Amino acid sequence: MGRRVYIKTFGCQMNEHDSERMLALLEGCGYQETERWEEADVILVNTCTVREKPEQKAYSILGRFQQLKENNPAVIVGIAGCVAQQGGERLFARMPGLDFVLGPGKIHQLPEILHDVEKGKQGVCAIDFENGAFVNLPIPHVRQLSAYVTIMQGCDNFCSYCIVPSVRGRERSRPSHDILAEIGALTQTGTKEVTLLGQNVNAYAKNNPHELTFPQLLAKINEIPGMERIRFTTSHPRDLTEGTIEAFGTVEHLCEHLHLPFQAGSDVVLTRMNRGHTREEYLSQVKRLREKVPQISITADVMVGFPGESEADFDQTLALMQAVEFDGLFSFKYSPRKGTRAAQWKDDCPPEVKQGRLEMLQELQRGITLRKNKALERAIREVLVEGRSRNSPHKMTGRTRCNRIVNFPGNHELAGELVKVKITEGLQNSLRGEHRG
Ligand code: 5AD
Ligand code: SF4
């Protein structure tokens with residue numbers, strides 16, 4: 001029986017993609033993935049430190065695995081991702097029984113690290129960051145209908161609340177030649193949808209006049225035979241150029257969905273967040289996007305309870321949401337992150353006020369989302385069929401170009417196909433439909 005690895009992933013798509021790569025590397029060394037941590041030989045927790053909650057969750061799950069280790073000392077426990085990058089060697093003192101710490105820039109060393117740990121080496125920590133150069137990481141060789149492709153790493157925006165620049169380093173873009181080669185290879189093994197990844201993809205190669213611009217990159221990917229759908233995440237309004245907005249109307253395979261975080265509706269708060277855009281600038285980008293592509297779906301991230309956020313500031317957030325009517329929204333309570341500028345300011349919004357604001361905002365958004373989903377009833381949409389629906393074995397599930405989940409009765413042979421579906425019902429989190437060929 002081969003050795004088994006259990007990987008638990010927190011955080012963003014960058015982390016999900018890193019987990020895929022770690023798994024591919026380990027499979028290459030004879031490991032098998034298991035969904036049951038009790039039977040694993042290696043347990044790896046890929047962590048996120050962007051807010052307090054995911055970080056706490058990662059610590060609590062690691063604590064559980066360390067107890068497991070007391071009964072079975074042979075099991076190897078490692079921490080990867082952003083908490084690993086930030087905590088480094090200090091994590092060994094905090095978590096007795098932890099075997100290794102692996103930062104996002106050192107993933108390729110995972111097999112060697114495991115080898116060293118198995119041989120009895122203790123306190124193995126690989127977190128150095130090669131700032132300035134794009135870190136080429138191994139690419140998973142698994143058949144995937146929908147795949148992630150990293151196009152840039154790091155972030156230079158320094159929003160005052162955000163830990164990302166200190167854990168993922170400065171912005172660096174991957175050569176377009178490598179990106180196009182990877183996507184070309186993916187289509188050869190059946191990938192039809194690609195999501196371009198980076199902390200700030202719109203800033204792709206923005207300081208390199210010899211490289212393609214982001215919209216030029218999109219146009220090149222569009223020419224790759226077999227690549228049916230192109231998506232990208234995540235975007236910062238500061239770097240969203242007219243060229244990218246234009247691309248939504250002209251690049252055939254670019255899906256009509258943009259995730260464009262706005263974080264707050266008040267200019268006072270936006271300035272303190274160091275966002276580099278005003279409320280009006282954000283609204284005008286939304287307007288331009290909808291002029292070009294009326295059916296574009298716009299989703300965003302927003303935060304409540306930033307230091308100094310008054311009731312009037314929060315009202316501006318609600319008003320912006322009403323003005324834009326987002327297709328979906330991810331909302332968070334602010335939590336100070338050590339080392340960021342905002343962490344020096346008093347976290348002065350009481351927890352119950354943060355919670356109240358979050359609930360108010362989520363209720364407003366639920367109404368908007370449902371209304372927008374219902375507005376799609378009777379429309380016919382193209383769906384990329386992912387497979388059987390998890391909740392109902394007679395149904396298939398997939399996504400529209402605007403990234404809505406659609407469940408519809410259908411044969412499992414439709415998996416992997418692009419089909420037309422008539423929307424019959426708009427629900428809170430998904431759509432129901434009928435296959436139309
Ligand atoms: N507190 C709360 N939310 C945060 N985010 C980033 N940093 C913080 C923080 N310190 C949110 C932002 C970001 C999303 C990934 O997480 O909304 O877009
Ligand atoms: Fe979390 Fe940010 Fe790291 Fe992604 S890059 S895992 S969101 S801290």
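Remember, it's 1-based here, ligands and their atoms both numbered in the order they're listed. Every value quoted in this text rests on a predicted model; they were computed, and no experiment measured them.
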(request) Starting from atom 15 (C) of ligand 1, find the nearest protein heavy-atom neighbour and note its residue, name and distance. (result) D301 OD2, 3.7 Å
(request) For ligand 1, note which part of Y161 has a heavy atom under 4.0 Å away: side chain, backbone, both or neither. (result) both
(request) Taking only Lys NZ, Arg NE, NH1 and NH2, and the carboxylate oxygens of Asp or Glu, determine whether E281 and R238 approach each other closer than 4.0 Å. (result) no
(request) List nothing but the number: protein N/O/S atoms under 2.8 Å from atom 3 (Fe) of ligand 2. (result) 1
(message) Once you restrict to heavy atoms under 4.0 Å, what part of K333 touches ligand 1? Side chain, backbone, both or neither.
(response) backbone
(message) What protein heavy atom lies closest to atom 5 (N) of ligand 1? Include the residue and the distance to one decimal.
(response) M303 CE, 3.8 Å
(message) Go through it in stages, so that I can follow the logic: the residues are F65 and V75, the test is side chain to side chain contact (heavy atoms under 4.5 Å, CB included), and I'd like the CA-CA distance, side-chain angles, deciding distance and then a yes or no.
(response) CA-CA 9 Å; F65 296 151; V75 65; over 6 Å; no
(request) Check ligand 1 against V50 and write out every atom of the ligand that is under 4.0 Å from a heavy-atom position of the residue. (result) 6 (C), 7 (N), 8 (C), 9 (C), 10 (N)
(request) Would you please classify the geometry between the Y282 ring and the H277 ring as parallel, tilted or perpendicular, with 30° and 60° separating the classes? (result) tilted
(message) Tell me whether E193 is salt-bridged to R229, with the criterion being a basic N under 4.0 Å from an acidic carboxylate O.
(response) yes
(request) Among E16, R21, H17, find the residue that satisfies the side chain to side chain donor-acceptor pair (under 3.5 Å) test when tested with Y148. (result) E16
(request) Kindly confirm or rule out a cation-pi arrangement of R51 over F332, judged by NZ or CZ under 6.0 Å from the six-membered ring centre and within 45° of its axis? (result) yes
(request) Indicate yes or no: does K121 engage D99 in a salt bridge with an N to O separation below 4.0 Å. (result) no
(request) State the atoms of ligand 1, each with its element, that fall below the 4.0 Å cut-off from a heavy-atom position in Q263. (result) 12 (C), 13 (C), 17 (O), 18 (O)
(request) Could you tell me which atoms of ligand 2, counted from 1 in the order shown, lie closer than 4.0 angstrom to a heavy atom of Q199? (result) 5 (S)
(request) Measure the distance from atom 16 (O) of ligand 1 to every protein heavy atom, then report the residue, atom name and distance (to 0.1 Å) of the closest one. (result) R51 NH1, 2.7 Å
(request) Quick one: sort the F214 and Y204 rings into parallel, tilted or perpendicular, breaks at 30° and 60°. (result) tilted
(message) Need the ligand 1 atom indices (1-based, order shown) with element for anything under 4.0 Å from a heavy-atom of R337.
(response) 10 (N)
(message) Can you report which non-hydrogen protein atom sits closest to atom 10 (N) of ligand 1, along with the distance?
(response) S335 O, 2.8 Å
(request) May I ask you to say whether R36 pairs ionically with E39, meaning some side-chain N is under 4.0 Å from a carboxylate O? (result) yes
(message) Quick check with a 6.0 Å cut-off and a 45 degree axis cone: is K8 positioned over the face of Y6's six-membered ring?
(response) no
(request) Could you tell me whether K354 and D347 have a side-chain N and a carboxylate O separated by less than 4.0 Å? (result) yes
